[in-house]
There are 2 protein chains.
Amino acid sequence: MHTSLESHQYLRQHSIKPSVQRTAVMDYLMKNRTHPTVDEIYSALSPSMPTLSKTTVYNTMDIFVEKGAVRALVIDEKNSRYDVDVSAHAHFICKSCGKVFDIFNLKPVLFQLPKDTPFKIDSVEISYSGICDSCKGN
Amino acid sequence: MHTSLESHQYLRQHSIKPSVQRTAVMDYLMKNRTHPTVDEIYSALSPSMPTLSKTTVYNTMDIFVEKGAVRALVIDEKNSRYDVDVSAHAHFICKSCGKVFDIFNLKPVLFQLPKDTPFKIDSVEISYSGICDSCKGN
DNA sequence: TCAATTTGTGTAATGAGTACAAAGATATAC
DNA sequence: GTATATCTTTGTACTCATTACACAAATTGA
Ligand SMILES: [Mn+2]
Ligand SMILES: [Mn+2]
Ligand SMILES: [Zn+2]
Ligand SMILES: [Zn+2]
């Protein structure tokens, strides 16, 4: 049984050769929308792919980002995090547990790029921070 | 002649004991609004303060941020950057040269914190990226 | 088949940031 | 002023995410 059909197709849509490793990583990203780090991806896949190298995960994420299949988030000062949802949405990082959550349903104006600047602006990242629901009690 | 009067006062306003080192770092931040890294601050001050330790700059930035005198920017995946301007404004990072620029005059609505979330949101960071004016030609 | 190219792997190196203990400076008590 | 406690700074060692690199494996396609 192939659970990786969607990932396979998604990779080809983005002109990424779907190797076994790349398909496994994309499959993980599609099923785990937690904005995982390279280490989290590696640790999750490693048991079922014992020869997988962490370098491969790094290379893979670089290709995914370069081809626009995945967005790299700069919100966690410790690690890069990755998001297979490249649509316009914002993020929230909990300063207590470090988890990164999606914030959808923000006004589209927030994602408009400012026009009166001397820069060629390509993208915007909106990052909120504070304490998440689970950590509130603690 | 004291060029550090303002920094000295600013530190006391934020309940930070103005040691020689802290005053020198704050003075640098106030005069160099380039969102410098710890290494940039250290390298700039080191010649005139040969005994300054990089650890002190790290400690100092931690205190400044904790006391609200300075904002830590998470926009550069390589280093933390620091901004003595804690007012609501956005940033732009050039993917070519890595410099971080201010973007003022954005609509205040952009800096409003969303209310319909399960999170206790404390702050927002709006980061644009692309190519800066100087790098456009290259 | 076989050579060229792409992809993956393992190891070593890099470099930002942290931990920690000792030294120095500052404040408080007598 | 001197002693004592506290705060601050310093240097070194360490951690750990990421990168560099060389070789191995897999894929392509003539
Ligand atoms: Mn997301
Ligand atoms: Mn700024
Ligand atoms: Zn949390
Ligand atoms: Zn530039």
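To find a chain, count down the sequence lines: A is the first, B the second, and so on, and within it residues start at 1. All values reported here derive from a predicted model rather than from experimental measurement.
As rounded to whole Å, 11 Å separates atom P of C:dT6 from atom CZ of A:Arg22. Atom P of nucleotide C:dA16 and atom OH of B:Tyr82 are separated by 13 Å, given to the nearest angstrom. Between the P atom of C:dT26 and the CD atom of B:Gln21 lies a distance of 9 Å, rounded to the nearest Å. Nucleotide C:dT6 holds its P atom 17 Å from the CG atom of A:Asp62, rounded to whole Å.
Nearer to the 5' terminus of DNA chain C, by closest-nucleotide assignment, is the contact made by A:Ser19 (compared with the other of B:Asn59 and A:Ser19).
With sequence neighbours excluded, no residue forms a salt bridge (Lys or Arg N to Asp or Glu O under 4.0 Å) with B:Lys107.
Summarising the hydrophobic clusters (Ile, Leu, Val, Met, Phe, Trp, Tyr; side-chain heavy atoms under 4.5 Å, direct or chained), the residues clustered with A:Ile75 are A:Leu73, A:Ile93, A:Val100.
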Trace of the side chain to side chain contact (heavy atoms under 4.5 Å, CB included) decision for A:Met26 with A:Phe64 = CA-CA 9 Å; A:Met26 181 51 75; A:Phe64 287 2; 3.6 Å; yes
Would B:Ile41 and B:Met61 count as a side chain to side chain contact (heavy atoms under 4.5 Å, CB included) if you check the C-alpha gap in whole Å, the side-chain angles of each, and the deciding distance to 0.1 Å?
-> CA-CA 10 Å; B:Ile41 298 166; B:Met61 299 321 297; 4.0 Å; yes
Could you please spell out the steps behind the side-chain hydrogen bond (donor to acceptor under 3.5 Å, both in side chains) verdict for B:Asn79 and B:Thr37?
-> CA-CA 6 Å; B:Asn79 316 283; B:Thr37 65; 5.1 Å; no
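B:Val86 and B:Val65 fall into different hydrophobic clusters, defined by Ile, Leu, Val, Met, Phe, Trp and Tyr side-chain heavy atoms under 4.5 Å apart, directly or through other members.
The stretch residues 33-57 of chain B touches DNA chain C through B:Thr55, each having a heavy atom under 4.0 angstrom from the strand. Listed in residue order, the members of residues 71-79 of chain B having a heavy atom less than 4.0 Å from DNA chain C are B:Lys78, B:Asn79.
Applying the salt bridge (Lys or Arg N to Asp or Glu O under 4.0 Å) rule to pairs touching residues 80-93 of chain B yields B:Glu40-B:Arg81, B:Asp76-B:Arg81, sequence neighbours excluded.
Interatomic distance, B:Tyr10 OH to B:Asp27 CG, rounded to the nearest 0.5 Å: 13.0 Å.
Counting only heavy atoms from C-beta outward, the side chains of A:Cys132 and A:Lys99 never approach each other to under 4.5 Å.
Side-chain atoms of A:Ser43 come within 3.5 Å of backbone atoms of A:Asp39 as a donor-acceptor pair (strictly under, hydrogens ignored).
Read 5' to 3', the first and last nucleotides of DNA chain D with an atom closer than 4.0 Å to a heavy atom of chain B are D:dC7 to D:dT19.
The two atoms that bring A:Pro50 and A:Pro47 nearest to each other are CG-O, 4.0 Å, heavy atoms only.
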